[in-house]
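Since the structure comes first, as structure tokens, the remarks are kept for the end.
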Amino acid sequence: MTTYTEDTTEYAPELPVRLRWAEHAPEVYKAMIRLDTAARKELDPKLYELVKIRASQINRCALCIDMHSKDALAAGESVERIVQLNAWEESRHFYTEKELAALELTEAVTVLTDGFVPDEVYAKAEKHFQETELAQLISVIAVINAWNRFGVTCRMTPGHYQPGQHG
């Protein structure tokens with residue numbers, strides 16, 4: 001007879017948070033929450049979360065990857081599409097043309113390697129989004145990049161977020 005034993009795997013300890021910036025800059029934190037709320041209006045919740053996950057992957061913000069993956073699942077996104085997101089170019093068949101345009105724009109705005117967003121990337125997004133929706137999408141990309149910078153710089157710890165906790 002097999003008996004259940006508790007998992008005794010010992011994981012590495014969490015890295016300490018460098019600075020709880022929201023506690024020391026509460027007005028900035030509140031303004032970021034308001035900005036985030038305003039940016040997400042009119043966007044599909046799944047698309048919103050995919051964009052946030054992808055930018056967070058690029059910026060290596062573990063807290064935001066954790067948070068937005070959980071929120072995406074809670075919004076009905078599939079595990080498979082979240083897992084494939086880091087390789088979306090090779091996994092294009094998991095996404096709509098509109099989502100692909102949003103992901104490509106997300107990467108262009110997040111990286112800004114050449115100092116600008118290429119015309120062809122912008123034109124593709126413009127083809128799939130009405131101007132108001134495109135403005136909201138660009139806003140979401142800018143906001144998640146700001147959140148990522150707070151999370152990475154202050155070494156915010158992933159793993160404790162519950163879906164909808166900040167939404």
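Note that this is a predicted model, so its numbers are computed, not measured. Heads up: numbering here begins at 1 and tracks the sequence.
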Seminar exercise, completed: For A108 and V117 the tightest heavy-atom approach is CB-CG1, 4.0 Å
Exercise. So if you build clusters from Ile, Leu, Val, Met, Phe, Trp, Tyr with side-chain heavy-atom gaps below 4.5 Å, do L15 and V17 land together?
Worked result: no
Exercise. At their closest point, which heavy atom of L137 faces which heavy atom of V51, and how far apart are they?
Worked result: CD1-CG2, 3.8 Å
Exercise. Is K52 paired with E49 through a side-chain N to carboxylate O contact shorter than 4.0 Å?
Worked result: no
Problem set entry | C61 backbone acceptor or donor facing N59 side chain under 3.5 Å | no
For this session: Check the hydrophobic clustering (I, L, V, M, F, W, Y; side-chain heavy atoms under 4.5 Å; chains of links allowed) and say if I58 and M67 are grouped together.
Result: no
For this session: Report yes or no: does Q136 contribute a side-chain atom to a donor-acceptor pair with the main-chain N or O of K41 at less than 3.5 Å?
Result: yes
Problem set entry | Close side-chain approach of V79 to L73, heavy-atom, < 4.5 Å | yes
Problem set entry | A146 to M32 - nearest heavy-atom pair and separation | CB-CE, 3.7 Å
For this session: For atom CZ of R149, decide whether the heavy atoms of other residues, nucleotides or ligands shown that lie under 6.0 angstrom number more than 12.
Result: yes
Exercise. So if you build clusters from Ile, Leu, Val, Met, Phe, Trp, Tyr with side-chain heavy-atom gaps below 4.5 Å, do I82 and I144 land together?
Worked result: no
For this session: Kindly assign one of parallel, tilted or perpendicular to the pair W147 and W21, based on the angle between their ring planes and the thresholds 30° and 60°.
Result: tilted
Exercise. Does a salt bridge link E133 with K98, judged by any charged N lying under 4.0 Å from a carboxylate O?
Worked result: yes
Exercise. Mind checking whether L105 and L134 have side chains closer than 4.5 Å, heavy atoms only?
Worked result: yes
Problem set entry | Y48 six-ring centre to R40 NZ/CZ under 6.0 Å and within 45° of normal | yes
For this session: Keeping the roles fixed (side chain from E104, backbone from V121), state whether a donor-acceptor pair exists under 3.5 Å.
Result: no
Problem set entry | Heavy-atom closest pair, residues V140 and A39 | CG2-O, 3.3 Å
Exercise. Nearest heavy-atom pair of L103 and L50: which atoms, and what distance?
Worked result: CD2-O, 4.1 Å
Exercise. Is a donor on one side and an acceptor on the other found under 3.5 Å between the side chain of N145 and the backbone of I141?
Worked result: yes
For this session: Kindly determine whether R81 and E99 satisfy salt bridge (charged side-chain N to carboxylate O under 4.0 Å, His left out), including the steps that lead there.
Result: CA-CA 11 Å; R81 284 171 30 109; E99 290 167 337; 2.7 Å; yes
For this session: Identify the residue among P158, S56, S69 that makes a side chain to side chain contact (heavy atoms under 4.5 Å, CB included) with C64.
Result: S56
Exercise. So, do I138 and V109 sit near enough that their side-chain heavy atoms are less than 4.5 Å apart?
Worked result: no
Exercise. Going only through I, L, V, M, F, W and Y residues with side-chain contacts under 4.5 Å, is there a path from L47 to Y122?
Worked result: yes
Problem set entry | N/O donor-acceptor pair under 3.5 Å between K70 side chain and Y161 backbone | yes
Problem set entry | Y95 side-chain N/O to L85 backbone N/O, donor-acceptor pair under 3.5 Å | yes
Problem set entry | Any side-chain heavy-atom pair of W88 and F94 under 4.5 Å | no
For this session: Work out which heavy atom in R60 is nearest to a heavy atom in V152; give both atom names and the distance.
Result: O-CG2, 3.7 Å
Exercise. Would the number of heavy atoms belonging to other residues, nucleotides or ligands and lying under 6.0 Å from CD of E89 be above 12?
Worked result: yes
Problem set entry | Close side-chain approach of E97 and K127, heavy atoms under 4.5 Å | no
Problem set entry | Q84: side-chain hydrogen bond (donor to acceptor under 3.5 Å, both in side chains) partners, not counting sequence neighbours | S91
Problem set entry | Within-4.5 Å side-chain heavy-atom neighbours: F116 and L112 | no
For this session: Answer whether the closest heavy-atom distance between the side chains of Q57 and I53 falls below 4.5 Å.
Result: yes
For this session: Please answer: with hydrophobic residues joined when any side-chain heavy atoms are less than 4.5 Å apart, are L100 and V83 in the same cluster?
Result: yes
Exercise. Heavy atoms, side chains only, cut-off 4.5 Å: are R54 and N86 in contact?
Worked result: yes
